[in-house]
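Any value given below was found using the heavy atoms of this structure, including those in side chains, with hydrogens, waters and symmetry copies removed. In the text below, chain A, chain B and the rest are named by the order of the sequence lines, each starting its count at 1.
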There are 2 protein chains.
Amino acid sequence: MGKGLLIVLSGPSGVGKGTVCNELRRRLPDLVYSVSATTRNPRLGEENGVNYFFKSREQFEEMIANDQLLEYAEYVGNYYGTPRDFVEATLQSGKDIILEIEVQGALKVKSKFPEGIFVFLLPPSLDELKGRIVGRGTENQATIDHRMSVAADEIGLMENYDYAVVNDEIDQACHRIQSIIVAEHCKIRPRCEEVAAR
Amino acid sequence: MGKGLLIVLSGPSGVGKGTVCNELRRRLPDLVYSVSATTRNPRLGEENGVNYFFKSREQFEEMIANDQLLEYAEYVGNYYGTPRDFVEATLQSGKDIILEIEVQGALKVKSKFPEGIFVFLLPPSLDELKGRIVGRGTENQATIDHRMSVAADEIGLMENYDYAVVNDEIDQACHRIQSIIVAEHCKIRPRCEEVAAR
């Protein structure tokens, strides 16, 4: 058995990353979910190591200093990040791991872990994405305009990714990502002595 | 709709290329089969343009001179080759095309058409391959030894391919190749303006 693969699932806000990620985990019970570290307090029912790795600010800053995070960001006064150890231990055990993350975070992961498989989830069109954001009914016009402009910029960063998957239908989108995972396991990489020696 | 993909299915003799290729064509009715050109005479029931493009020796040598073949070889006094026009017209029409070919031929195709997807079909083991060759019951020991040695050399050339697919079970092997085709259609290539512009 070879090493597992890190699948980075990313794309603009509103494209449906979370829904697709959950459906993939349902279909692929062996696919491990990359658990984030955070300094925010646990909410009711949240478990350490399942929903998040809960850390104190000091612990988190030590992880930053020791380069133990593949990426991190501060959001509304709390840190969020991707612990490198958990990803690497999973891969070493031969299992695949999926990381669901926004575009800036994915690009940071790529700089530290270029051997990941970077999948960009696309809306069928920008109009469709707008419909989804408006449909939530929680945003005012200025916020919608801002989010659409951010999404357009993010789509412009797609060339840094390995694959583009259109999220037209969840079933089709998951099928495409599952195919990408199967194909990547068949890929011949520079070091493939173990396969050649069969 | 983008351009189609050329899928080159190759591997050592006896690995089951033909069986896998036929099953893929059955599952994927839109997958076009790359028809070879040959100077040998048509056999009963063979149709020009379906089984082969039947050519005179002069016509074939003109195709060679005009670089109209992605590869060719002479075998028992007859030429066999892959017409470039048929492949390119199929790809331009947006359809995928599959070329089933032995290892040396695949490497020639790669030199002329590096954008193809090169899939190496592997036996589960060399012992298994030997079993398949012996099982045909048509070969003497010297031939078997020779074919096994050729197969081992060919497996050594696998690093020139994009993907390795183990033909342990036809269903699994086809599923892997179908996944490779889906994944390759999602791949972000240097020129993907039409996707970025969605």
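- Taking chain B as the reference chain and counting heavy-atom pairs below 4.5 Å, the highest number among A:Val182, A:Val119, A:Ile181, A:Asp127 is found for A:Val182.
- Using a 4.5 Å heavy-atom cut-off against chain A, no residue of residues 76-87 of chain B qualifies as contacting.
- Atom CD1 of B:Ile188 sits about 7.5 Å away from atom CZ of A:Phe120, to the nearest 0.5 Å.
- Within a 6.0 Å radius of OH in A:Tyr161, more than 12 heavy atoms belonging to other residues, nucleotides or ligands are found.
- No chain of hydrophobic side-chain contacts below 4.5 Å, direct or via other Ile, Leu, Val, Met, Phe, Trp or Tyr residues, connects A:Phe54 to A:Phe60.
- Heavy-atom neighbours of chain A within the stretch residues 170-180 of chain B, taken at a separation under 4.5 angstrom, comprise B:His175, B:Arg176, B:Ser179, B:Ile180.
- A:Leu9 and A:Leu5 fall within a single hydrophobic cluster, where Ile, Leu, Val, Met, Phe, Trp and Tyr side chains are chained together by heavy-atom contacts under 4.5 Å.
- Applying the salt bridge (charged side-chain N to carboxylate O under 4.0 Å, His left out) criterion to A:Glu184, with sequence neighbours excluded, gives A:Lys187, A:Arg189.
- Criterion: ILVMFWY side-chain heavy atoms under 4.5 Å apart, direct or through other members. Under it, B:Tyr52 and B:Met63 are not part of a common hydrophobic cluster.
- Note on A:Val35: it does not cluster hydrophobically with A:Tyr72, by side-chain heavy-atom contacts below 4.5 Å among ILVMFWY residues.
- The 12-atom threshold is exceeded at CD of A:Glu74, counting heavy atoms of other residues, nucleotides or ligands nearer than 6.0 Å.
- The cluster map of Ile, Leu, Val, Met, Phe, Trp and Tyr, joined by side-chain heavy atoms under 4.5 Å apart, puts A:Val150 and A:Met148 in different clusters.
- Screening residues 98-115 of chain B for side-chain hydrogen bond (donor to acceptor under 3.5 Å, both in side chains), with sequence neighbours left out, gives B:Asp67-B:Lys112.
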